Amino acid sequence: MSELSIKEKDRLYIANTYNRFPVEIVRGKGSLLYDDTGKEYIDMGAGIAVSTFGAADPEWIEAVTSQAGKFQHTSNLYYSSPCVLLAEELIKRTGMKKVFFSNSGAEANECAIKTARRYSELKYGTDAKRYKIITMDKGFHGRTLATLAATGQEAFHQSFLPVTDGFVYAKTDDLDDVVRLVDEGGCCAIMIETICGEGGVLPLSPEFIRGVAELAEKRDLLLIIDEVQTGNGRTGKLYSYMNFDIKPDIVSTAKGLAGGLPLGATLLGEKVGDVLTAGTHGSTFGGNPICCAAAMSVLSRITDDLLAEVKAKGEYIKTVLTASEDVVSVTGMGLMIGIEFKRPTPEVVAECRERGLLVLTAKNKVRLLPALNIPWGLLERAVEILKEAGQE
Ligand SMILES: *Cc1c(COP(=O)(O)O)cnc(C)c1O
């Protein structure tokens, strides 16, 4: 019997939680990826907004290997510089007060949820039962039981009940509905994505975002912004909330932060900077030195010039595709774009792949999350292929 292929072994040995595209990636360079047959693809997904500067980026490799050659892990029992320098950089650039490091978006959100509950309990007491968190019914916050509960889309809860108690869902982008839930009482926080990513690249309106921020301030509810997908330059600002002139109490991020290594960060503002104390939270891998060195390198390259490029590239994609008669709508900001074609999304995605272009989906849309430094030439080719693949 001949040796099984990687695709066959994958189906045999790996839990069936992923519907994989029929492509085996063997290497990459920037925004180009190559499969096991040598076929070249333009990568418009960057590993779901993770590979901020593409595949095998030389500066990123240098940051990672240079730290790996010093020490790869110390535990959080000792002082070490990579996580401290990264925290300092994040704080300088956001005005937040403290950072808790973890390994993923779900964990960054878990920390946000724990912090919000503890803030409220320390201030108002256990008897106040002030622990509910309001989230959006089209939001997505992760796969652990608490972040699944925070995820308002009921479909994700099915067959995992009971999920963690203490979350209530407002109609997405509906301020009156948020006010209704606040008036019911027992809430400690409101948690939103500025653009619901998994929910279909749905941007919340600036009026709603500012309205929620004002309401939170007035009622002493913590404003938590989930920047797991929208963060780290994706929307043309370092964090997407910076587009709206608001000041969140807690910001969670992960995906693109370390450019391809697992790192989550929960940024804590003035009100909650000292809520977590020794023993109240922790993570063995959190703040891993190699991941933090990678993130330092990523942040050092998210400059005003790069952010202006991200905006310009996003505008370019929007302008070209909005003009196409095969396109129903284009949503998103910067290099986080959702496109609804008249042609069914799975057909568009498959045809793109045939033509050497890898794109993502979100609900009924094609989703683009390319590397922030994707060269203009590749971007123009990608948009051209997408336009052609979108034709009915
Ligand atoms: C991806 C995502 C998460 C979950 O991140 P993981 O690293 O997969 O745990 C949470 N929130 C948002 C907005 C995301 O896009």
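Everything quoted here is computed from the prediction, not taken from an experiment.
None of I192, D226, L267, I225 except one satisfies the side chain to side chain contact (heavy atoms under 4.5 Å, CB included) rule with P248; the exception is I225.
Put simply, the side chain of S120 never gets that close to the backbone of R117: no donor and acceptor are under 3.5 Å apart. Distance alone, capped at 3.5 Å, is enough to place a donor-acceptor pair between the D137 side chain and the T172 backbone. Checked by atom type and distance alone, the side chain of K255 never pairs as donor or acceptor with a backbone atom of G47 at under 3.5 Å. At least one donor-acceptor pair closer than 3.5 Å links the side chain of N109 to the backbone N or O of H141. A donor-acceptor pair under 3.5 Å is absent between the side-chain atoms of E347 and the main chain of P344, judged by distance alone. In this structure, the side chain of K97 does not engage the main chain of D274 through any donor-acceptor pair within 3.5 Å. Side-chain atoms of T303 come within 3.5 Å of backbone atoms of L306 as a donor-acceptor pair (strictly under, hydrogens ignored). In terms of modelled atom types and a separation under 3.5 Å, the side chain of K318 and the main chain of G332 share a donor-acceptor contact. Side chain of T345 to main chain of N364: a donor-acceptor pair is present (N/O by atom type, distance under 3.5 Å, no hydrogens or angles). Side-chain atoms of T164 do not come within 3.5 Å of backbone N or O of A149 as any donor-acceptor pair.
A salt bridge between E184 and R180 is present, with a side-chain N of the basic residue lying under 4.0 Å from a carboxylate O of the acidic one. Using a cut-off of 4.0 Å between Lys/Arg side-chain N and Asp/Glu carboxylate O, E89 and R93 are scored as salt-bridged. Ion pairing between D57 and R301 holds under the 4.0 Å rule for side-chain N and carboxylate O. Between R343 and E351, at least one side-chain N (NZ, or NE/NH1/NH2) sits under 4.0 Å from a carboxylate O, which counts as a salt bridge. A salt bridge links E309 to K313: at least one charged side-chain nitrogen sits closer than 4.0 Å to a carboxylate oxygen.
A donor-acceptor pair shorter than 3.5 Å cannot be found between the side chains of T194 and N243. Using a 3.5 Å distance cut-off with no hydrogens or angles, the side chains of S104 and R143 do not pair a donor with an acceptor. When only modelled atom types and interatomic distance are considered, S240 and E227 share a side-chain donor-acceptor pair under 3.5 Å. A donor atom on one side chain and an acceptor atom on the other are found under 3.5 Å apart for D220 and Y124. Between the side chains of D173 and S205, a donor-acceptor pair is found at a separation under 3.5 Å.
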- Item | Candidate pair F100 and T115, rule side-chain contact (heavy atoms from CB on, under 4.5 Å), full reasoning | CA-CA 10 Å; F100 179 84; T115 302; over 6 Å; no

Next item on the list: May I have the step-by-step check of side-chain contact (heavy atoms from CB on, under 4.5 Å) for L222 and C188, ending in yes or no?
Entry: CA-CA 6 Å; L222 298 174; C188 66; over 6 Å; no

Criterion side-chain contact (heavy atoms from CB on, under 4.5 Å) on V201 and K363, from CA distance to verdict: CA-CA 9 Å; V201 198; K363 294 283 180 271; over 6 Å; no

* Asked: Taking it one step at a time, do L32 and I42 satisfy side-chain contact (heavy atoms from CB on, under 4.5 Å)?
  -> CA-CA 5 Å; L32 291 172; I42 304 174; 4.1 Å; yes

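Applying the 6.0 Å contact sphere to NZ of K271 captures more than 12 heavy atoms from other residues, nucleotides or ligands. Surrounding CD1 of I61 are more than 12 heavy atoms belonging to other residues, nucleotides or ligands, all under 6.0 Å away. Annotation for E8: atom CD counts as buried by contact number, over 12 foreign heavy atoms lying within 6.0 Å. Residue R381 places its CZ atom among 12 or fewer non-hydrogen atoms of other residues, nucleotides or ligands, all under 6.0 Å distant. The environment of CZ in F285 is sparse: at most 12 heavy-atom neighbours from other residues, nucleotides or ligands sit within 6.0 Å. Counting heavy-atom neighbours within 6.0 Å of K129 NZ, excluding the residue itself, gives a total of 12 or less. Counting non-hydrogen atoms of other residues, nucleotides and ligands closer than 6.0 Å to CD of E40 gives a total above 12.
Under the 30°/60° scheme for interplanar angles, the aromatic rings of Y169 and H157 are found to be tilted. By the 30° and 60° cut-offs, the orientation of the rings of Y316 relative to W376 is perpendicular.
Side chains of L86 and F101 form a contact here, defined as non-hydrogen atoms less than 4.5 Å apart. Between T151 and V163, the closest side-chain pair of non-hydrogen atoms is not below 4.5 Å. Contact annotation: the side chain of D183 approaches that of R219 to within less than 4.5 Å [non-hydrogen atoms, C-beta and beyond]. The shortest side-chain heavy-atom distance between R234 and L369 falls under the 4.5 Å cut-off. T52 places none of its side-chain heavy atoms less than 4.5 Å from the side chain of W60. Counting heavy atoms from C-beta on, the side chains of R367 and E198 come closer than 4.5 Å. Under the 4.5 Å side-chain criterion, counting only non-hydrogen atoms from C-beta, E24 is in contact with V26. By the 4.5 Å heavy-atom criterion applied to side chains, E121 and Y131 are not counted as neighbours.
Of the inter-residue distances, the one linking I290 atom CD1 with L263 atom CG reads 12.0 Å to the nearest 0.5 angstrom. To the nearest 0.5 Å, the span separating CD1 on I374 from CD on E380 amounts to 10.0 Å. Considering CG of L368 and CE of M336, their distance stands at 11.0 Å, rounded to 0.5 Å. With rounding to the nearest 0.5 angstrom, the CG atom of L204 is 10.5 Å from the NZ atom of K138. The distance from the CG atom of L175 to the CG atom of D177 is 9.5 Å, given to the nearest 0.5 Å. Atom OG of S252 and atom CD1 of I224 lie 8.0 Å apart (nearest 0.5 Å).
Residues satisfying the side chain to side chain contact (heavy atoms under 4.5 Å, CB included) criterion with A371, sequence neighbours excluded, are S31, N373.
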